Amino acid sequence: MLELVNVTKTFNISGNKEDERTALDHINLQIEPGEFVTIIGGNGSGKSTTLNIVAGSLIPDSGKILLNGRDITKIPEYKRAAYFGRVFQDPMKGTAGDMSVLENMEVAFLRGRNHSPIKWGFKEKDKKFFIEELKRFDLGLEDRLNQKVGVMSGGQRQALTLLMATMRNKPTIKMMRRDYILFSGLPEEEARKEFDSFYDEKKLVLDEKLKTASSKEEKQRYKNEFEETIRNKFDLTKQILLLDEHTAALDPKTAKKVLELTDKIVRENQMTTLMVTHNMKDALTYGDRLIMFHLGHIILDVKGEEKKKLAVDDLLKMFEEADKKAESK
Ligand SMILES: Nc1ncnc2c1ncn2[C@@H]1O[C@H](COP(=O)(O)OP(=O)(O)OP(=O)(O)O)[C@@H](O)[C@H]1O
Ligand SMILES: [Mg+2]
């Protein structure tokens, strides 16, 4: 579960009190694993700030961010990166224009896996996997693997960014251990013990099996089984997807395509998702929960049937009322 507890963030560019802006005012929010939340709200209402705080690119002035009950408020962005996939409004942001489709995917694939990409070769089977993934997008990207991303349309770049943000690369055992200790929600010592004793136990079994193995293939099979057992128990990399108006710069038809793709990826992988949009129809169509921000506060939080009953007009009325209330203060 992802939780924001009493999160407050104030910006002050000049240092003068009158320039102070409260972007988030004591925000409390609990998001269940696998929940798909759409976020709406006027300009400057605090949507992007919320996503930035969750991802760790901003640190709140007060309050906490919890992931699986674990306080991650001060964990730096790069350490959380394996858990958060992000796509921004600007198609230029998520991909490197002077690199090819394949090179971009390679970088995304290696990110969070190992700090040194050099150590980790890019394998033929990885390439095959990427091509299969790209085909699902139906944007013809699989035929343009070696083309520079810079010459592609915004929609193609955004689709690629989405894929790169959600590519689930298998972490090494060392990384799994590190992250399990960090993010499992158990006290560190307990998490470490649990990991190590399970690992040692399975390793003994593996060593016995390796002694009896008669071929290289059989040995490899045992090693793979061993890794899979560890992974099934300890791999927490069920990513949280953060989308900040990621279809806003696209034409309506491409935006729809990318949105449908988003929905598909989110559902298939049961990803916890926060999607900011200014399109109220999209906010109602997609996701299972809808949140409305207004001047750093959450003024609406609906899910399930209640969300389904809402229409764009209802949301517009709520915006108007919130504005009136704020003006009369
Ligand atoms: N880095 C920053 N420095 C100064 N002020 C900031 C910064 N980031 C955000 N703010 C201010 O915080 C408030 C909330 O901004 P935020 O970007 O979260 O709004 P938003 O809801 O994402 O708006 P939009 O719909 O325009 O993207 C605004 O008043 C904004 O000017
Ligand atoms: Mg924003």
Side-chain angles (χ1 to χ4, degrees), residues 2-29 31 36-65 73-74 76-78 80 84-94 154 157-158 161-162 165 240-250 252 255 258-259 262 273-284 286-287 289-302 312 315-316 318-327 329:
L2 179 69
E3 288 171 89
L4 277 76
V5 186
N6 252 324
V7 169
T8 294
K9 181 75 191 173
T10 303
F11 291 104
N12 192 336
I13 317 161
S14 66
N16 297 328
K17 187 84 185 150
E18 59 268 27
D19 289 332
E20 209 167 83
R21 250 167 233 276
T22 305
L24 294 177
D25 192 359
H26 297 90
I27 293 292
N28 285 293
L29 191 56
I31 295 157
F36 183 175
V37 186
T38 54
I39 300 179
I40 54 173
N43 292 124
S45 58
K47 306 177 298 294
S48 296
T49 305
T50 303
L51 263 53
N52 284 330
I53 283 179
V54 168
S57 35
L58 279 179
I59 295 184
D61 302 332
S62 61
K64 282 190 274 192
I65 314 298
T73 321
K74 301 238 162 73
E77 187 173 15
Y78 75 92
R80 301 185 206 182
F84 296 99
R86 300 189 80 176
V87 187
F88 298 92
Q89 178 176 347
D90 184 356
M92 300 301 167
K93 251 186 164 175
R157 282 186 83 152
Q158 229 30 2
T161 308
L162 184 65
I240 295 173
L241 186 57
L242 305 173
L243 308 167
D244 199 348
E245 300 184 49
H246 72 308
T247 57
L250 310 178
V258 172
L259 268 176
T262 305
T273 302
L274 301 181
M275 181 175 97
V276 173
T277 175
H278 278 289
N279 186 317
M280 283 182 249
K281 201 162 160 277
D282 291 341
L284 291 171
Y286 296 96
R289 180 172 172 189
L290 183 146
I291 287 173
M292 188 193 278
F293 274 83
H294 189 263
L295 298 174
H297 297 273
I298 291 174
I299 57 164
L300 177 74
D301 185 353
V302 287
V312 170
L315 297 178
L316 285 172
M318 282 180 216
F319 271 126
E320 271 172 32
E321 274 165 31
D323 276 341
K324 264 192 218 147
K325 242 188 185 167
E327 273 166 27
K329 262 186 193 167

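Start at 1 and go down the list; that is how both ligands and their atoms are numbered. Small disclaimer: the values here were computed from a predicted structure and weren't measured.
Those atoms of ligand 1 with a heavy atom of Ser45 less than 4.0 angstrom away are 19 (O), 20 (P), 21 (O).
Among the atoms of Gly41, none of the N or O lies under 3.5 angstrom from an N or O of ligand 1. Checked against a 3.5 angstrom limit, the closest N/O atoms of Thr50 and ligand 1 fall outside it. An N or O contact shorter than 3.5 Å links Gly44 to ligand 1 by distance.
Contact annotation for Arg21 and ligand 1: only side-chain heavy atoms (C-beta onward) come within less than 4.0 Å of the ligand.
Separation of atoms CD1 (Ile298) and CE (Met292) is listed at 12.0 Å; rounding is to 0.5 Å.
Residues Thr10 and Asp61 come closest through the heavy atom pair N-OD2, 2.6 Å. Nearest heavy-atom pair across Thr38 and Ala283 is OG1-O, 2.8 Å.
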Derivation of the side-chain contact (heavy atoms from CB on, under 4.5 Å) call for Ile27 and Ile53: CA-CA 11 Å; Ile27 293 292; Ile53 283 179; over 6 Å; no
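Protein heavy atoms are found less than 4.0 angstrom from atom 7 (C) of ligand 1.
In terms of protein heavy atoms, atom 26 (O) of ligand 1 is closest to Asn43 ND2, 2.9 Å. The closest protein non-hydrogen atom to atom 16 (P) of ligand 1 is Thr49 OG1, 3.5 Å. Scanning the protein heavy atoms around atom 17 (O) of ligand 1, the nearest turns out to be Ser48 CB, 3.6 Å. The protein non-hydrogen atom at the shortest distance from atom 27 (O) of ligand 1 is Glu245 OE2, 3.5 Å. Summary of contacts: the protein heavy atom closest to atom 1 (N) of ligand 1 is Phe11 CE2, 3.7 Å.
Shown are Lys47, Glu77, Lys9, Arg86; of these, the side chain to side chain donor-acceptor pair (under 3.5 Å) with Asn52 is made only by Arg86.
Residue side and main chain included, Gln89 places no N/O/S atom under 2.8 Å of the Mg ion (ligand 2).
The shortest distance between side-chain heavy atoms of Leu241 and Leu274 does not fall below 4.5 Å. Residues Leu4 and Ile65 are in side-chain contact: their nearest non-hydrogen atoms beyond the backbone lie under 4.5 Å apart.
Using a 4.0 Å heavy-atom cutoff, His278 is listed among the residues neighbouring ligand 1. Under a 4.0 Å heavy-atom criterion, Gly42 is in contact with ligand 1.
Note on Lys324 versus Glu321: no salt bridge recorded, every NZ/NE/NH1/NH2 to OD/OE distance being 4.0 Å or above. Between Arg289 and Asp301 there is a salt bridge, since at least one side-chain N of the basic residue sits less than 4.0 Å from a carboxylate O of the acidic one.
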